[in-house]
Amino acid sequence: MNGSEFVMRALAANGVNVCFMNPGTSEMRFVAALDAIPEMRAVLCLFEGVCAGAADGYARVAGRSGCALFHLGPGLANGLANLHNARKARSPVIALVGEHTTSHLKFDAPLSADIAAFAQTVSDSVESVGSGGELARAMERTIANAGRPPGQVAAIIIPADISWSSVPGEIPRAPAVVRTMPDDTRTAAAADLVRKPGAWILLGGTALNPRALRSAAAIEQRTGARVAIARNVPKVASGRGLFQPPQVPYFPEKAIEFFGSAENLILVEAETPVSFFGYPEMPGCMIPESCRTFQLARRDEDGTAALEALAERCGALRSEVLISDPAPVASRASGMLTLDDIGATLAVMMPENAIVSEEAVSSAAVLLKHLRSAAPFEWMPVTGGSIGQGLPVAVGAAIARPDRKVIALEADGSGMYTAQALWTMARENLDVLIIIIANRRYAILDIEMRRAGVSEMGARADAMIDISRPELQWTAIARGMGVDGVRAETVEDFRKHLCASLKERGPKLIEAVI
Ligand SMILES: Cc1ncc(C[n+]2csc(CCOP(=O)(O)OP(=O)(O)O)c2C)c(N)n1
């Protein structure tokens, strides 16, 4: 077996049977190997940022490792921003990177680059395979590293000559490592803390599933401790019937106010909350200086089981949990479309079990407020602050769960970073509804400008935030990549298009102009 076939068979044997690819000359043998390995599904993406984000979305939804294949250093470099987001999400992602043949490395040929240096910026583990004899063990370590809780980007760099030469060794089976449960002493200590005034519980990582949320609700209702969701979490179960604690606000003033009463913060697969950016005269840490933190479950531990154990200790596990669902806000019957109309209409129409890839940026808060009354869904926000994640993550999610509707809530500026994802959605006929929030600006930067004390922007500064000239034609962009696109400027249009698209399967884009 040659090296590339070995790699593909090793991945498939370990349950990694989807690979998002953008290959080049040095990866030709990987492409050729696909014909012999039907159990490996290869998905072509037209930009590496899409491969990386799709592998992340796949991992978050499938609950197992995603995989992406990149062409040498430059190909990997194009994928770095979304690998960065995957790293922050703690998604298990295997990055396969082709390298020049070992004998060619000395020439500093045009595509030569320090691949390991690029990979190290986003990966906790980087394997550079030096010979065919090293491949089996390197693959085993890579697969194991990616999947080891809490999950990581694990890169493996494979020279072309190793991919085409026969390699020794058995197909490895990487041992699955399960999350461990924090010991009793930690649960006991947390049980003391939650009963005290000023106790807060911050949920992150995988502890945002219905079981974890139910336990958190029971603890809150029994003890009075307050529960919050960390920012930049990979996936949250939301909607009617579920406990929907508030999320830590984005801007530091609000976040500091939010935690104002906190005396003890119990962290469940979460870290001490810090603001996204540093601002003059503003602390970076969002909890009061006097507030103590206590790690009930680390990012690599089982936060769900820890919450259950804590609920049990508080005598709350079997108690009834009261969930008061917010009443849906009726959307207006007609008029020019606003964010509230989009949110209210979506909240009523969104099908149960939808997966929402959300990159709505300045529109997120309003949309998510409405979606609190929607049928249960899973929400996946941007994790690492690097925009261009939403559409690729939707690709991966739709491949992981073809039985569920995926809805991408996408800001128009962010959507342009990785618009090529639309082509993969069309080619694979993925069941994704893309709603582009077309506000024609980098609107969040308007807010940041005001925060920077600039009350009146000059024309030159405004030109860096205004994206209306020329106006992006999202319906044409979509059609050009094989996705049916429609535009909605009124409430009536939006409702009509949403209703029609939710009845259909396959990719569809609505440009919602606000
Ligand atoms: C990779 C990357 N480049 C640039 C930025 C800086 N940035 C943050 S938000 C933003 C513009 C967002 O505009 P849009 O997606 O249209 O959303 P809106 O603010 O209008 O809601 C930019 C450029 C970033 N976060 N990540």
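Counting starts at 1 for both ligands and their atoms, following the listed order. Keep in mind that the numbers below use all heavy atoms, side chains included, and drop hydrogens, waters and symmetry copies.
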closest protein heavy atom to atom 1 (C) of ligand 1 is S386 OG, 3.4 Å
Got E471 and R440 here, is their nearest side-chain heavy-atom distance under 4.5 Å? yes
Q.
Geometry only, no angles: is I467 polar-contacting ligand 1 at N/O separations under 3.5 Å?
A. no
In I436, T418, V361, the residue satisfying side-chain contact (heavy atoms from CB on, under 4.5 Å) with E410 is I436
Ranked by distance from atom 17 (O) of ligand 1, the top protein heavy atom is A411 CB, 3.2 Å
* To do: Show your working on salt bridge (Lys or Arg N to Asp or Glu O under 4.0 Å) between E253 and R451 and close with a plain yes or no.
  => CA-CA 11 Å; E253 298 82 349; R451 289 175 60 81; 3.0 Å; yes
Here the atoms of ligand 1 under 4.0 Å from any heavy atom belonging to A360 are 21 (O)
message = Has S414 got a side-chain atom pairing as donor or acceptor with G388's backbone, closer than 3.5 angstrom?
response = no
- So, the side chain of K254 versus the backbone of P249: is there a donor-acceptor pair under 3.5 Å, distance only? no
* Asked: So, does Q295 use its side chain to make a donor-acceptor pair with the main chain of A297 at under 3.5 Å?
  -> yes
G415: heavy atom below 4.0 Å from ligand 1, yes or no?
no
The closest protein heavy-atom partner of atom 13 (O) of ligand 1 is Y442 CD2, 3.3 Å
Any heavy atom of R441 under 4.0 Å from ligand 1? The part involved is backbone
Query raised in the report: Would a search of protein heavy atoms around atom 24 (C) of ligand 1 find one under 4.0 Å away?
Result: yes
- Message: Contact between N17 and R64 at the side-chain level, heavy atoms closer than 4.5 Å - yes or no?
- Response: yes
The protein heavy atom nearest to atom 19 (O) of ligand 1 is I444 N, 2.7 Å
Under 4.0 Å from one or more heavy atoms of A443, ligand 1 contributes atoms 18 (P), 19 (O), 20 (O)
Output yes when the distance from some N or O of ligand 1 to some N or O of I387 is under 3.5 Å, and no in every other case. yes
of all protein heavy atoms, closest to atom 4 (C) of ligand 1 is Y417 OH, 3.5 Å
Under 4.0 Å between heavy atoms, the region of N439 that gets near ligand 1 turns out to be side chain
Checking E269 side chain against G303 main chain: does a donor-acceptor pair fall under 3.5 Å?
yes
| said: Is the shortest side-chain heavy-atom distance between R479 and V483 below 4.5 Å? | reply: no
Between the side chain of S91 and the main-chain N/O of V93, is any donor-acceptor distance below 3.5 Å?
no
Heavy-atom proximity to atom 16 (O) of ligand 1, picking from A364, A81, G413, points to G413
Does any N or O of ligand 1 fall below 3.5 Å from an N or O anywhere on V361, backbone included? no
**Prompt:** Can we call the ring centroids of W423 and F47 under 6.0 Å apart?
**Reply:** no
heavy-atom search around atom 21 (O) of ligand 1 in the protein gives S362 OG, 2.5 Å
Within 4.0 Å of some non-hydrogen atom of G385, the atoms of ligand 1 are 24 (C), 25 (N), 26 (N)
